[in-house]
Amino acid sequence: MSQSYIEQRTERTKWFLQDRFGMFIHWGLYAIPARGEWVRNAERISNEDYQVYFDEFNPERYDPKAWAKAAKAAGMKYAVLTAKHHDGFCLFDSQLTDYKSTNTKSGRDLVREFLDAFREEGLKVGLYYSLLDWHHPDYPAYGDQIHPMRENEEYKRDPERFVNYLNYMHGQVKELLTGYGKLDIMWFDFSYGELKGEAWRATELMEMIRSIQPHIIVDNRLEASGEEGGSIYTDNPSLYSGDFASPEQIIPPSGITDEAGNSIPWEACITLNNNWGYSAADLTYKSAKTVIRKLVECVSKNGNLLLNVGPDAKGEIPRESLEILEEVGQWIRRNGDSIYGCGEAGLTKPEWGRYTRKGNKLYAHLFEESVGPINLVGLAGRVKHARLLSDGAEVFVSRPWNASLYQEDAFFNFARPEHSTYPLPDERDTVVEITLIEE
Ligand code: GLC
């Protein structure tokens with residue numbers, strides 16, 4: 001089965017690998033304490049003490065159309081929203097719990113509104129669903145590694161009752177898949193310790209998912225990832241190994257391949273500051289320049305970037321995040337051809353930056369200024385012509401007198417004379433589109 005599974009995966013992930021850039025949205029009750037989405041874990045907050053946030057939750061400025069417009073303008077092609085995070089609060093009108101947004105002051109099905117708005121902007125849509133649940137009475141609590149009540153003996157639970165939670169979790173996934181139209185991504189989070197794979201009844205879950213929405217793509221967190229591995233990294237993946245790997249807060253040093261060296265679809269999920277959920281005091285935002293370069297880095301290694309925003313309790317994406325997204329969008333509007341549908345170039349990483357590639361279009365992403373003509377290692381005789389991607393202006397390909405020793409390489413420069421040095425037109429990332437002579 002493994003070969004055909006990989007073929008199906010390749011088929012299912014085509015759009016995903018084409019689209020390259022998505023928005024992750026972490027939003028829930030934790031936006032009120034505003035100390036990140038793990039606040040219950042970090043501060044060992046009980047259900048009772050967390051209830052105050054449920055009672056007051058009323059994001060009056062939630063305008064998913066504005067979110068969708070911001071994502072689209074940033075060049076993002078898909079978005080994934082937390083339908084339920086570890087705190088168990090559901091942003092959708094589940095029939096299986098009262099712990100949901102429709103029972104708060106807001107009274108709205110936030111998931112449905114998100115899906116409608118993003119689809120309307122032509123973006124693909126996904127839902128994040130936490131396998132952990134710190135609110136459900138049958139989820140392991142006392143003695144668990146992570147649960148907020150892990151040290152509270154009053155939360156000793158009969159392990160037999162876990163089956164109720166599993167039924168609940170499967171039931172909610174089914175609700176999302178049957179009641180909300182076509183979903184493009186199902187993003188589960190996460191496995192740990194014994195709670196992985198069949199402990200979640202993962203084969204049954206995946207069979208249900210595929211029987212309802214066969215095209216949907218699923219991340220790899222029904223299995224343990226990280227140090228413990230997961231079968232997506234092998235050439236014999238299980239049914240629940242998922243369609244893409246999901247490195248978190250790191251870009252894999254050399255992309256992700258299976259045992260046979262074939263590229264595996266992957267998506268790095270990265271925060272804009274250092275928190276997923278809204279964190280009022282966390283102002284450690286990455287610059288637009290960093291985001292642009294990291295997106296390029298992912299694509300140059302055949303990966304995607306899922307960039308997170310954490311809307312506040314009123315329903316707004318933080319101003320700092322919007323400003324970064326806007327600037328990224330300005331760059332991408334003129335340079336998107338070097339991102340969408342592109343991947344690894346099959347060339348050594350250049351000194352001045354990175355390459356991405358699509359067929360005979362090679363994109364040189366210049367991060368660092370060179371002295372004199374700019375060197376393309378080993379590409380002598382391979383370059384048809386070169387243009388600045390942002391405006392189509394001619395870039396001069398030649399071998400000026402000071403590059404005469406390097407006969408294997410090609411050289412270009414932005415102006416004449418080509419032996420001189422010129423500042424980079426865009427210091428964040430100047431993209432030169434190099435048309436290669438077909439081999
Ligand atoms: C994690 C965290 C989490 C976040 C997620 C994103 O494993 O538990 O809060 O949602 O990763 O990848």
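Counting begins at 1 with the first residue of the sequence. Note that the structure is predicted; figures quoted are calculated from it, not measured. Both counts, for ligands and for their atoms, begin at 1 and track the order of listing.
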inquiry  = For E204, give me all partners under salt bridge (Lys or Arg N to Asp or Glu O under 4.0 Å), at least two apart in sequence or on another chain.
reply    = R201

F16 side chain near N304 side chain, heavy-atom distance below 4.5 Å = yes

query = Considering only heavy atoms, which protein residues lie less than 4.0 Å from any atom of ligand 1?
reply = F24, H26, E37, W38, H85, H86, Y128, W187, D189, F190, R221, E248, C269, W276

ask   = What distance do F244 atom CZ and I232 atom CD1 have between them, rounded to the nearest 0.5 Å?
value = 8.5 Å

query = Salt-bridged, D63 to R108, with N to O below 4.0 Å?
reply = no

inquiry  = For Y285 versus P318, what's the shortest heavy-atom pair and its separation?
reply    = OH-CB, 3.7 Å

inquiry  = Counting C-beta onward and ignoring hydrogens, is there a side-chain heavy-atom pair between F92 and K100 closer than 4.5 Å?
reply    = no

